[in-house]
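Along the sequence shown, residues are numbered consecutively beginning with 1.
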Amino acid sequence: MRTQTATAAPGAGQDEPVAVIGAACRFPGQVRSLNSLWRLLLARRSTMREVPAERWEQAELAGLPAEVAARLRYGCFLDDDIYAYEPEFFGINAQEAPWVDPEHRLLSEVVWEAIEHCGIPAQRLSGTSTGMFFGIYQKDYMLRVQRSLEETNAYAMYTGFDSIGPGRVGFLLNLKGPQLVVESACASGLAAVHTACQSLRTGESDIALAGAAMLTIGPEGVIAPACGASSRPPAAATPSTPRPTDTCGEKAAASWS
């Protein structure tokens, strides 16, 4: 960590502009790049659709009140297979690969794309004071891969540690700056970007990578909000498309500054 010199005025860097030099993202609506995100915004398309079968089936919700189950039938989900990735590329062995949280997999991919987008060769970051700041808070995969004590795998613990996500990338690239995970519910990504800017302005980091990743893999994490939403007056919706719970949405984004 660098400290201010004796001649620097306290807080001298607090208002210094921060430049975003690269970014990458994944959003519902077949958004796999900044260009496709811009096209989605211009078209003002809705990305709501029925819950993909690999996330959960309506039969799993049979014990819930009908209005709650209806809200968990639709949401905004990424279009690609969230379980498909190349573990070898990120230095993950075959035994550990199935246990890696899909949020961590997705985060690794968008981080690498953001590096490519800014034009900095990845090997040049080795040993630098590059900080990583990410918002992650969903625990869906950890809940889904729970096993009995007798069946617990040595790699199972990594599915529940949010810090492992950016930690993998930091280890792969040999980054020496701070690596922090920020948990602030829906504002986690925004809080992570704020923390990254603060790190840059204090001189703690020379370059910072910030963003967020969130996947809704199972219904466990969104049942409570859906129950709360059922007590509100219904919003406009078509007869065949009930208003979904506000929390069935997914994303991943990273930016270099």
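- Every residue meeting the side chain to side chain contact (heavy atoms under 4.5 Å, CB included) condition with Leu143, not counting sequence neighbours, appears here in chain and number order: Glu220.
- Among all heavy-atom pairs drawn from Glu183 and Ala185, the shortest one is OE2-N, 2.8 Å.
- Listed here is the closest heavy atom pair of Arg55 and Ile82: NH2-CG2, 3.4 Å.
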**OP:** Start with the C-alpha distance between Gln138 and Leu215, add both sets of side-chain angles, then the distance that settles side-chain contact (heavy atoms from CB on, under 4.5 Å), and finish with yes or no.
**Re:** CA-CA 7 Å; Gln138 290 284 77; Leu215 293 172; over 6 Å; no

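- Linking Ile, Leu, Val, Met, Phe, Trp and Tyr residues whenever their side-chain heavy atoms come within less than 4.5 Å leaves Val193 and Leu180 in two separate clusters.
- The line from NE2 of His194 to OG of Ser199 is 11.5 Å long, rounded to the nearest 0.5 Å.
- We find the OH-CE distance between Tyr74 and Met48 to be 7.5 Å, quoted to the nearest 0.5 Å.
- Between Arg168 and Glu96 a salt bridge is recorded (basic side-chain N to carboxylate O distance below 4.0 Å).
- Atoms CD and CE, from Glu103 and Met142 in turn, are 11.0 Å apart once rounded to the nearest 0.5 Å.
- Arg32 is listed as a side-chain neighbour of Asp80, based on a closest heavy-atom distance under 4.5 Å.
- Taking every heavy atom of both residues into account, Phe77 and Pro28 meet most closely at O-CB, 3.4 Å.
- The shortest side-chain heavy-atom distance between Val110 and Arg26 falls under the 4.5 Å cut-off.
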Original post:
Does the pair Thr216 and Asp140 meet the rule for a side-chain contact (heavy atoms from CB on, under 4.5 Å), with working shown?
Top reply: CA-CA 7 Å; Thr216 305; Asp140 291 20; 4.0 Å; yes

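- Contact annotation: the side chain of Tyr155 approaches that of Asn93 to within less than 4.5 Å [non-hydrogen atoms, C-beta and beyond].
- With contacts defined as side-chain heavy-atom distances shorter than 4.5 Å, the pair Leu107/Phe134 qualifies.
- Cluster annotation: Leu106 and Val182 are assigned to distinct hydrophobic clusters (Ile/Leu/Val/Met/Phe/Trp/Tyr, side-chain heavy-atom contacts under 4.5 Å, transitive).
- A distance of 9.0 Å separates CG of Leu209 from OG1 of Thr130, quoted to the nearest 0.5 Å.
- Closest approach of Ile164 to His104, counting heavy atoms only: CB-CE1, 4.1 Å.
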Identify all side-chain donor-acceptor contacts of residues 84-91 below 3.5 Å with residues at least two apart in sequence or on another chain.
| residue | atom | partner | partner atom | Å |
| --- | --- | --- | --- | --- |
| Tyr85 | OH | Ala97 | O | 2.8 |

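- In this structure, the side chain of Trp56 engages the main chain of Leu72 through a donor-acceptor pair within 3.5 Å.
- The heavy-atom pair separating Ile136 from Pro166 by the smallest distance is CD1-CD, 4.2 Å.
- A distance of 8.0 Å separates CG of Asp162 from CG of Asp101, quoted to the nearest 0.5 Å.
- The side chain to side chain contact (heavy atoms under 4.5 Å, CB included) test applied to Tyr83 returns Asp81, Pro102, Arg105, Tyr141, Ile217, not counting sequence neighbours.
- Side-chain contact between Leu42 and Arg39 is absent, with no heavy-atom pair separated by less than 4.5 Å.
- The hydrophobic cluster containing Phe161 also contains Trp99, counting ILVMFWY residues as joined when their side-chain heavy atoms lie under 4.5 angstrom apart, directly or transitively.
- Taking CG from Asp79 and OG1 from Thr47, the interatomic distance works out to 8.5 Å, rounded to the nearest 0.5 Å.
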Could you list the donor-acceptor pairs under 3.5 angstrom formed by side chains in residues 120-127, with sequence neighbours left out?
| residue | atom | partner | partner atom | Å |
| --- | --- | --- | --- | --- |
| Ser126 | OG | Asn174 | ND2 | 2.9 |

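- The closest side-chain heavy-atom distance from Ser184 to Tyr137 is not below 4.5 Å.
- Leu37 pairs by the side chain to side chain contact (heavy atoms under 4.5 Å, CB included) definition with Cys25, Phe27, Val31, Leu41, not counting sequence neighbours.
- In this structure, Ala208 and Phe133 approach most closely via the heavy-atom pair CB-CE1, 4.0 Å.
- Residues meeting the side chain to side chain contact (heavy atoms under 4.5 Å, CB included) test with Val169, sequence neighbours left out: Ser108, Val111, Met132, Leu173.
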